[in-house]
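The structure appears right after this line, and notes come after that.
Reminder, nothing fancy here: chain letters follow the sequence lines and each chain counts from 1. Bear in mind the structure is a predicted one, so any value in this text is a computation, not a measurement.
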Protein chains: 2
Amino acid sequence: MKHLLKTFKIAVNEKTYVKDPDSSELGKKIVENSILMIQEMGFESFTFKKLGDKIGSNESSIYRYFENKHKLLLYLTSWYWGWLEYQLVFSTNSISDPEEKLEKAIALITRPVEMDASFEHINEMLLHQIVVNEYSKSYLTKEVDTENKEGYFEIYKRLITRMFEMIVAVNKDYPYPHSLASTVLEGVLHQYFLREHFPTLTDCNNQVTPTQYFTHLVFNSLKASTYG
Amino acid sequence: MKHLLKTFKIAVNEKTYVKDPDSSELGKKIVENSILMIQEMGFESFTFKKLGDKIGSNESSIYRYFENKHKLLLYLTSWYWGWLEYQLVFSTNSISDPEEKLEKAIALITRPVEMDASFEHINEMLLHQIVVNEYSKSYLTKEVDTENKEGYFEIYKRLITRMFEMIVAVNKDYPYPHSLASTVLEGVLHQYFLREHFPTLTDCNNQVTPTQYFTHLVFNSLKASTYG
DNA sequence: TAGCTTTTGATAGTAATACTATTATTTTTG
DNA sequence: CAAAAATAATAGTATTACTATCAAAAGCTA
């Protein structure tokens, strides 16, 4: 995907970082290599000490950018959702037919991630893997309500709301548009996870895409006026 | 729910424990109080040391029952899925009509949990909360493939397979029965979570139940022969 | 380019976690 | 009652997740 502006920036909640990692080389190195390391060793094993060693920098320097690894995860995943939202808006904006628009939106949200050369220090495909494997951990915490109030999940919520609006535009009488939107957003991560680790629990594989499954799911839910 | 046999026992993978917690008073105390504590403070803050203090027992004694808290979580969640599976089989067994059977199955899986007096040391409602908040963490790990091979997720997989079979029995031409089954099982936990922490992202509330939403979702997917 | 500010690095230190090992004590049971 | 099993107590280790302090380097500015 090509951007018109070279200086285009994904805006994430400023509370996720102490110092904007986009503002320095070290900051970008922290983000770039944290993506590589979290994907490689998993969020649990990942530490700022190890990251410091890897980038030839000091643990204490990393703490000047992110309070802790939880906040870093919030930063990375917010960035991902912001990036996805940008693509969603960009590519559905001009479509006026509601069904076509929703179909396009589902395709975009469920498709395999492609690299985006606009952000040199971010490997979007690895970041997608991180979102699949770790995103739930960012909200399945005792602090979720506080953090929600502080706006850490705004982008994700906005994305779901956009899907909600597109669903309503197709069928204003469908009774569960919020739940359907959140099911798709969360469900697609789950199907990608299952395809990798529990292939017998999903139909998604080399022949069948998550896009086909979720398109079928959503449109048949919306066509129906019976049941429930 | 009443059982005919007082000695009825949910069978979980023996590898989850070092010594069967059902085999002693201390074991039952560990299980009972770990449920209370994990629900209260969250899995991350929960430690064997704190549990030991709470039950007036020693940390080292707890290690003789469970290798670590991850294994304890696998034990607790496996127990929950085993308990749910038992209820599912029990209450759908006698139903011959496939649609009615599937409808009953969805209702059971999506309904709010009721207490079961057969297991005195287990608070099923709190355990359900734990499954909602922590289950993903048991498989979103770097060890998932090894642990899957070792059978730690067998009961959950069997539950999904049972749902899969019921779906196929209703419509053998539906192209995504595995994905639909896994979406319902995982999605219902998610909807319960959203209802609690992100009410704007779900339609489930005091008026609308997860059962209604998922019943609608599944049956309209199965009725359709078009799309996708 | 000297001098000031900002950034980064190095070192040290703390409380807690997640264990393991050993030994002592209590409880069970044959 | 003795032996075995279970539990408790204590100590110890490596690692984590930080915080604090000070030194060095880089950048910027008069």
Side-chain angles (χ1 to χ4, degrees), chain A residues 14-34 37-38 40-76 121 134 137-138 140-143 146-147 152, chain B residues 14-34 37-38 40-76 121 134 137-138 141-143 146-147:
Chain A
E14 294 182 6
K15 288 178 196 157
T16 55
Y17 49 78
V18 181
K19 176 178 175 173
D20 186 355
D22 260 355
S23 69
S24 76
E25 281 313 304
L26 179 60
K28 285 178 193 160
K29 242 163 105 176
I30 289 170
V31 168
E32 176 175 9
N33 288 280
S34 68
M37 285 189 89
I38 293 172
E40 199 180 312
M41 61 175 63
F43 188 67
E44 277 68 38
S45 300
F46 169 80
T47 70
F48 281 3
K49 182 140 201 331
K50 289 174 188 169
L51 177 59
D53 290 348
K54 168 150 186 169
I55 65 179
S57 192
N58 200 276
E59 193 187 0
S60 59
S61 303
I62 299 168
Y63 276 103
R64 274 189 219 99
Y65 284 85
F66 294 99
E67 261 182 70
N68 50 50
K69 68 175 181 172
H70 174 69
K71 289 281 173 74
L72 171 58
L73 181 61
L74 287 172
Y75 175 87
L76 294 176
H121 64 300
E134 323 286 1
K137 297 172 192 169
S138 77
L140 294 177
T141 68
K142 275 288 157 185
E143 296 77 33
T146 321
E147 294 187 344
Y152 290 104
Chain B
E14 294 183 6
K15 289 179 196 157
T16 55
Y17 49 79
V18 181
K19 176 180 172 168
D20 186 354
D22 260 354
S23 70
S24 76
E25 280 314 302
L26 179 59
K28 283 177 194 160
K29 243 163 106 176
I30 288 171
V31 167
E32 176 175 9
N33 288 279
S34 69
M37 286 189 88
I38 293 173
E40 198 180 315
M41 62 175 61
F43 188 66
E44 278 68 38
S45 299
F46 168 79
T47 69
F48 281 3
K49 182 142 200 332
K50 290 174 187 168
L51 177 59
D53 290 349
K54 169 149 185 167
I55 65 179
S57 192
N58 201 273
E59 194 187 359
S60 59
S61 304
I62 298 168
Y63 277 103
R64 269 187 230 98
Y65 284 86
F66 294 100
E67 261 182 71
N68 50 51
K69 68 174 182 174
H70 172 70
K71 289 280 171 73
L72 171 59
L73 181 61
L74 288 172
Y75 175 87
L76 293 176
H121 65 300
E134 323 287 0
K137 297 172 192 168
S138 76
T141 68
K142 276 288 157 185
E143 296 76 35
T146 320
E147 293 186 346

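Across all strands shown, Lys19(A) has heavy atoms under 4.0 Å from sugar-phosphate atoms exclusively, and none from any base. Across all strands shown, Lys49(B) has no heavy atoms under 4.0 Å from either base or sugar-phosphate atoms. Using a 4.0 Å heavy-atom cutoff across all strands shown, Glu25(A) reaches no nucleic acid atom at all.
Taking Ser138(B) as the reference, Leu73(B), Leu74(B), Tyr135(B), Phe153(B) meet the side-chain contact (heavy atoms from CB on, under 4.5 Å) condition, with sequence neighbours excluded. Remark: Lys69(A) engages no residue in a side-chain hydrogen bond (donor to acceptor under 3.5 Å, both in side chains) (not counting sequence neighbours). For Glu67(A), the side-chain hydrogen bond (donor to acceptor under 3.5 Å, both in side chains) criterion is met by Lys71(A), not counting sequence neighbours. Residues that satisfy the side-chain hydrogen bond (donor to acceptor under 3.5 Å, both in side chains) test with Ser24(B), not counting sequence neighbours, are Tyr65(B). Applying the side-chain contact (heavy atoms from CB on, under 4.5 Å) rule to Lys50(A) yields the partners Met37(A), Met41(A), Ser45(A), Thr47(A); only residues at least two apart in sequence or on another chain are considered. Legend: residues meeting ring-ring contact (aromatic ring centres under 6.0 Å, His included) with Phe66(B), ordered by chain and number and at least two apart, are Tyr75(B). For Ser61(A), the side-chain contact (heavy atoms from CB on, under 4.5 Å) partners at least two apart in sequence or on another chain are Leu26(A), Ser57(A), Asn58(A), Arg64(A). The side-chain contact (heavy atoms from CB on, under 4.5 Å) test applied to Glu32(B) returns His121(B), not counting sequence neighbours. Looking at residues two or more places apart in sequence or on another chain, you find a side-chain hydrogen bond (donor to acceptor under 3.5 Å, both in side chains) between Asp20(A) and Lys9(A).
The existence of a salt bridge linking Glu44(B) and Lys137(B) is confirmed by a sub-4.0 Å separation between a basic side-chain nitrogen and an acidic carboxylate oxygen.
For residues 52-65 of chain A, proximity to DNA chain C is found at Gly56(A), Ser57(A), Asn58(A), Ser60(A), Ser61(A), Arg64(A), Tyr65(A), defined as any non-hydrogen atom under 4.0 angstrom from a strand atom.
First and last contacting nucleotides of DNA chain C toward chain A (any atom under 4.0 angstrom from a heavy atom, 5' to 3' order): dT7(C) to dT11(C). Scanning DNA chain D 5' to 3' for nucleotides with an atom closer than 4.0 angstrom to a non-hydrogen atom of chain B gives a first and last hit of dA6(D) to dT10(D).
The residue among Ser24(B) and Glu67(A) whose nearest nucleotide of DNA chain D is located toward the 5' end is Ser24(B).
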